[in-house]
Structure formats: C-alpha cells, structure tokens
Amino acid sequence: MRRVMASAPVAEAPASAVAGESRAERPKLRTEFAFELPRGYVDDEGKVHHSGVMRLATARDELIPLRDDRVRENSAFLTVVLLARVVTRIGDITDVHAGVIENLFASDLAFLQDMYRRVNSEGHTRAGVACPECGHGFVVDVAGGRLGES
C-alpha cells in the first residue's frame, strides 16, 4: 500500500509560537470513562456493583481476542473478551475478567457495548436526544447516573 502526501503551501510561524500554542490549545486526552450500570453486577456474595470505569481500547485490545480459542469457537464471545480487557473496575472489583462480564445482566452488557462504541468511535459518552413532549433537542451523558437519581 502506497501513501501519497499532497504538498500544500503552509504559512510558517515561529517555532516558539507553535510549540506554545499546541500545548495550550490541545485538550488533555481522556482515556478513562466512568459509568453507572443500569442494573448492576451481582458478585458471589450477593453485593450489587453499579459504578465502574472503562478505558480507551488499543489496537492490541481488539486484536488479541481474535486469537482466543473461545472467540474462535463462538464469535459472539468476542464482546465478552474485549470488554474484559477495557473495563478496569466494576464497583469494588478491580480484577474484571471474562467470567465477570459473562455474569452481567443482558441490559448491562448492552449498555457497555454501546459505551465501548461511543468512547472508541466517537470519543465521548454523550448522545443527542429530544424531549418527547416538546421535541426540544439536548445532549445527555449516557455514562452518568442512573435514572431517578441526582
């Protein structure tokens, strides 16, 4: 595969101005996203865990599960293995592995799949919605607190 770079005239600025501007203007890269599970993960002791953290996925996170025998046997297992790599905490549980993800309620798994897509494709957890009564559009953070809580 060949890469072709088009050359276009670029207005040059002093090196000191460019270096200072890039640091000041460039927002800090957000790599972790907090979330609240709709139902919550129930651990072996019966404790329900709602809050958690997901980190941005790397190329390695998406490639390694493809070599996993469980994924080779059943491609639907890819989601479980991938989420186990990027979810760093659910409640008090910091050792999030495929067994934890497998035991999530279906609604929580769907929530995490959607969140994964949002943070890794769109770069944020916001979604545009509209009021069902007046039709006014606004943005909500889907990773925020559970419904009915402030």
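Heavy atoms only: backbone and side chains are in, while hydrogens, waters and symmetry mates are out.
- The minimum heavy-atom distance between F35 and R89, with the atom names listed, is CZ-O, 3.9 Å.
- Remark: R39 CZ to F111 CZ distance equals 13.0 Å, nearest 0.5 Å.
- A pairwise comparison of heavy atoms in G40 and V48 identifies CA-CG1, 4.0 Å as the closest pair.
- Contact of the F77 side chain with the E102 side chain is registered, since non-hydrogen atoms from C-beta on lie closer than 4.5 Å.
- To the nearest 0.5 Å, the span separating CG on L56 from CG on L29 amounts to 6.0 Å.
- In this structure the side chain of V96 reaches within 4.5 angstrom of the side chain of I101, judged on heavy atoms.
- R55 places a side-chain N or O within 3.5 Å of a backbone atom of R85 that can act as its donor or acceptor partner.
- Note on R72 versus D68: no salt bridge recorded, every NZ/NE/NH1/NH2 to OD/OE distance being 4.0 Å or above.
- Side-chain heavy atoms closer than 4.5 Å link hydrophobic residues (I, L, V, M, F, W, Y) into clusters, and following such links, possibly through other members, connects L66 to L82.
- Residues I90 and V53 fall into different hydrophobic clusters, defined by Ile, Leu, Val, Met, Phe, Trp and Tyr side chains chained together at heavy-atom separations under 4.5 Å.
- Rounding to the nearest 0.5 Å places CG of D95 at 9.0 Å from CD1 of I93.
- Residues Y41 and V100 have side chains in contact (heavy-atom distance under 4.5 Å, counting atoms from C-beta outward).
- Distance CG/L104 to CG/L37: 6.5 Å, rounded to 0.5 Å.
- Proximity of V81 to L78: side-chain heavy atoms (C-beta onward) are nowhere separated by under 4.5 Å.
- In this structure a side-chain-to-backbone donor-acceptor pair under 3.5 Å is missing from H49 to D43.
- Rounding to the nearest 0.5 Å gives a distance of 10.5 Å between CE of M115 and CG of L83.
- Looking at every heavy atom in both residues, A130 comes nearest to G135 through CB-O, 3.9 Å.
- Panel note: side chain N103, backbone G99; a donor-acceptor pair is recorded below 3.5 Å.
- When every heavy atom of A84 is checked against every heavy atom of A98, the shortest pair comes out as CB-N, 3.5 Å.
- Although no hydrogens or angles enter the test, the distance criterion places a donor-acceptor pair under 3.5 Å between the side chain of N120 and the main chain of Y116.
- Between V119 and M54, the closest side-chain pair of non-hydrogen atoms falls below 4.5 Å.
- In this structure, the side chains of D92 and K47 come closer than 4.5 Å at one or more pairs of heavy atoms.
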